[in-house]
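For reference, the structure discussed in these notes is given below.
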Amino acid sequence: MLKVILPDGSEKSYSNPVKVIDVAAEIGAGLAKATLAGVVTFPEQLDQSGHPVTKTLSADTLLPAEGTVKLRLLTKKDSEALDILRHSAAHIMARAVMRLFPNVQLAFGPTTETGFYYDFLCDKPFSEEDFAAIEEEMKKIVKADEAFERIEMPRAEAIGLLADMGQTLKVDHLESGLSDQETVSFYRQGEFIDLCRGPHIPSAKWVGAFKLLSVAGAYWKGDASNVQLQRLYGTAFFDKKELESYLVQLEEAKKRDHRVLGKRHELFMVDPKIGGGLVVWLPKGAIIRRELENFIYKELIRHGYQPMYSPVICRVELFETSGHYPYYADSQFPPMVLKDGDRYLLRPMNCPLHVMTYNMKPRSYRDLPLRLAEFGNVHRFEQSGELNGMTRVRGFTQDDAHIFCTEDQVEDEFRGCIEMTQLVLKTMGFADYEVRLSFRDWVSNKYVGDPENWKKAQNALEKVCRDMNLPKLDIVEGEAAFYGPKADFIVRDCLGRKWQLGTVQLDYNLPSPSRFDLKYIGADNQPHQPVMIHRAPFGSFERFTGILIEHFAAAFPLWLSPEQVRVLTVSEKFNEYAKQVEKALFDADLRVTTDLRPEKIGAKIFSSRGDLVPYVCVVGGKEAESGTVSVRSRKDGELGAMPVAEFIRKLKDEIAAKTLPF
RNA sequence: GCUGCUGUAGCUCAGUCGGUAGAGCGCGUCCUUGGUAAGGACGAGGUCAUGAGUCCGAAUCUCAUCAGCAGCUCCA
């Protein structure tokens with residue numbers, strides 16, 4: 001006897017075997033038609049963390065004959081449904097590819113946040129020219145509307161089957177990745193059969209709209225030493241309109257691209273004649289950076305940091321001591337060797353210089369925490385395929401600082417760093433960010449430092465993060481740097497790619513005796529080893545600004561706008577007055593320009609809109625007579641006439657408040 | 001670094017079958033002197049990424065190099 005509990009609390013009992021779809025059919029024919037899968041919870045089975053086991057099952061899956069299950073039927077309105085659909089679409093694509101290219105081997109074909117992909121091993125390189133043919137074949141498959149059928153078999157049998165089919169990658173996966181499974185499942189649709197956990201939609205016709213989007217290389221099991229596969233990306237939806245609106249959205253997102261906007265608004269440039277990945281901050285971009293620097297500098301001083309400067313090039317030995325050379329030699333610009341054999345390295349990080357600064361004299365516990373800050377310019381030789389506008393570059397400036405403190409101070413210092421990073425994100429209006437706490441695992445021996453201290457530090461870190469109620473807190477074990485646990489702040493760019501901005505990292509390595517052997521004399525008159533914290537609320541000015549450009553779509557808040565006000569004359573007769581207004585605004589420390597072209601006022605406004613100028617002042621006869629300006633804001637349009645002094649006050653208030661443009 | 005794609009004016013792009021280049025925006029000059037999202041005329045501007053090759057002839061076809069884009073791998 002099986003008892004099925006539905007989400008509304010009602011119960012049904014079955015003495016005969018039933019499938020998910022049978023339960024739906026009993027409730028109503030309409031629901032049965034709309035049901036594409038079921039979420040089944042087994043209250044009697046518990047997983048490792050003690051929660052009841054929950055599985056999403058295809059509609060034709062047989063429920064257990066005995067016991068109690070909770071069942072939630074999924075229709076296309078449910079959020080999980082799209083993922084199931086796309087997984088099936090991936091199978092349909094693989095089937096189409098196998099029809100067109102019989103020799104391909106299948107690898108993995110999962111869904112992504114916005115679609116799906118499938119990896120293939122095939123001699124013939126796929127290109128976008130093949131998409132039409134593949135899509136055509138997929139259409140035929142969808143039209144034929146064959147069912148997805150689940151088949152389970154012992155693993156040994158599955159290996160035999162896949163070996164017969166010549167699917168060696170799948171065999172490899174069964175032998176290594178799934179070696180702990182006794183039984184595995186396949187999904188069959190017509191002539192196509194694929195090792196797959198499921199679930200799937202009942203049949204192909206559910207796929208209302210799909211599109212292949214791109215082809216790229218990918219390594220088998222994500223390991224660059226393995227064979228390279230061809231990955232076909234696509235997306236699928238229940239209906240055409242959703243697909244179309246997704247594609248429009250994608251086009252819109254591309255318009256926010258900081259590389260496009262950075263060029264259009266003359267914020268920065270990257271020129272191969274200068275060097276790939278080497279950013280030139282153009283005057284307008286430089287203003288944004290300088291404002292960011294001023295903003296964070298004030299915060300640093302307020303929080304007891306001490307500014308310092310150090311050279312961007314120094315002896316290689318410093319990085320040999322730190323351990324970063326030659327470990328990261330491949331991602332550094334090679335050292336320059338002087339005549340006497342001395343080697344100098346363009347610094348890939350600032351910490352050794354700050355450590356040397358700590359070490360310039362004996363330190364007492366009274367000096368701690370010592371917080372040394374520097375907008376440190378560093379260079380790293382990133383792989384060419386990694387370079388990306390301002391977000392992945394070979395030379396950048398971190399809003400870096402290193403805190404040297406006692407074990408007891410770690411928690412407070414860490415909290416301070418997190419708070420400053422949060423302040424930065426809040427000031428910019430970033431609401432959608434994740435915090436990733438990276439901890440060590442306890443099996444690997446790559447980590448340095450006393451395990452007890454690690455435990456203490458990790459607990460302190462987690463406590464601080466929980467206390468502060470950080471959004472989307474994610475704890476990842478095994479992701480810590482070898483020298484300590486860390487917290488990273490991650491935001492997405494316009495295409496949904498994730499980038500790490502702010503970071504706070506504890507370091508047990510550099511202060512250790514095998515590295516720089518840092519010491520302080522404690523209250524007990526004994527030497528102790530300090531803990532180091534690396535932190536950068538922005539991360540780097542380059543990446544942060546790149547993300548900021550996309551975040552604001554280049555329409556920056558007033559305090560960051562390179563051009564805050566533009567004075568427009570109604571005709572050339574009023575150029576003299578416009579220059580007076582300009583001077584008044586300039587003297588009030590506003591960034592102001594004039595548009596004195598012999599153009600109509602409409603054309604000048606049009607230009608200012610295109611240039612995303614936050615405020616324009618229209619001046620003509622009326623304004624010149626009364627000493628006023630006619631104000632128009634980028635956000636709210638016409639605001640009417642006001643005295644120049646009042647306009648200045650309004651803008652100064654907005655700048656001081658760092659008001660967001662949305 | 002790997003796989004695929006792309007490279008024409010400052011920008012966005014067109015350029016058919018191989019016959020030595022075109023638009024819009026922007027820029028310059030002039031006309032217009034105006035009231036809140038594009039006034040008009042004229043003009044300048046290109047070794048078609050670079051280098052080889054095929055051909056009577058290459059932006060166009062082939063190869064190589066460089067750079068960019070998407071993804072993978074990496075990211076102290």
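A, B, ... follow the sequence lines: proteins, then strands. Residue 1 opens every chain.
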A:Y327 ring center within less than 6.0 Å of A:Y325 ring center: no
Touch class at under 4.0 angstrom, heavy-atom based, for A:E266 against every strand present: nothing
base_contact_polar (B:G71 base, A:Y219 side chain, donor-acceptor, <3.5 Å): no
Sugar-phosphate only, base, or nothing, as touched by A:E128 at under 4.0 Å among non-hydrogen atoms: nothing
base_contact_polar (B:U3 base, A:Q230 side chain, donor-acceptor, <3.5 Å): no
Candidates B:A76, B:U36, B:G71 - which lies nearest the side chain of A:S331: B:A76
A:K472 with A:D474: basic N within carboxylate O range, under 4.0 Å: no
Among B:G34, B:G71, B:A37, the one nearest A:F606 by side-chain distance: B:A37
N/O (side chain, A:R259) to phosphate O (OP1/OP2, B:A70) under 4.0 Å: yes
Candidates B:U36, B:G39, B:A76 - which lies nearest the side chain of A:R632: B:U36
Given B:C75, B:G71, B:G39, the nucleotide with the shortest approach to the side chain of A:R231: B:G71
Derivation and outcome, side-chain hydrogen bond (donor to acceptor under 3.5 Å, both in side chains), residues A:K221 and A:S176: CA-CA 11 Å; A:K221 298 203 166 173; A:S176 54; 2.9 Å; yes
Phosphate OP1/OP2 of B:A70: any A:N388 side-chain N/O under 4.0 Å: yes
Nearest-nucleotide 5' precedence on RNA chain B, A:G276 against A:P598: A:P598
Listed nucleotide nearest any side-chain atom of A:Y233, set B:C74, B:C72, B:A37: B:C72
Length of the NZ-P vector between A:K486 and B:C75, whole Å: 9 Å
Minimum-distance nucleotide (side-chain atoms of A:K622 versus B:G35, B:U33, B:A70): B:G35
Whole-Å gap separating P (B:A67) and CZ (A:R394): 8 Å
Closest nucleotide among B:G1, B:G71, B:C75 to the A:Q383 side chain: B:G1
Rounded distance in Å - CZ (A:R535) to P (B:A76): 18 Å
Per A:I605 side chain, nearest of listed nucleotides B:G1, B:C11, B:U36: B:U36
Within 6.0 angstrom of A:R597 CZ, more than 12 heavy atoms from elsewhere: yes
Interatomic distance, A:Y327 OH vs B:C74 P [rounded to whole Å]: 11 Å
Separation of B:A70 P from A:L387 CG (nearest whole Å): 12 Å
Rounded interatomic separation in angstrom, taking CD from A:E599 and P from B:G40: 9 Å
Nucleotide nearest A:V570 (side chain, heavy atoms from C-beta), chosen from B:C72, B:G35, B:G39: B:G35
Gap in Å between the two C1' atoms, one belonging to B:C42 and one to B:U6, rounded: 36 Å
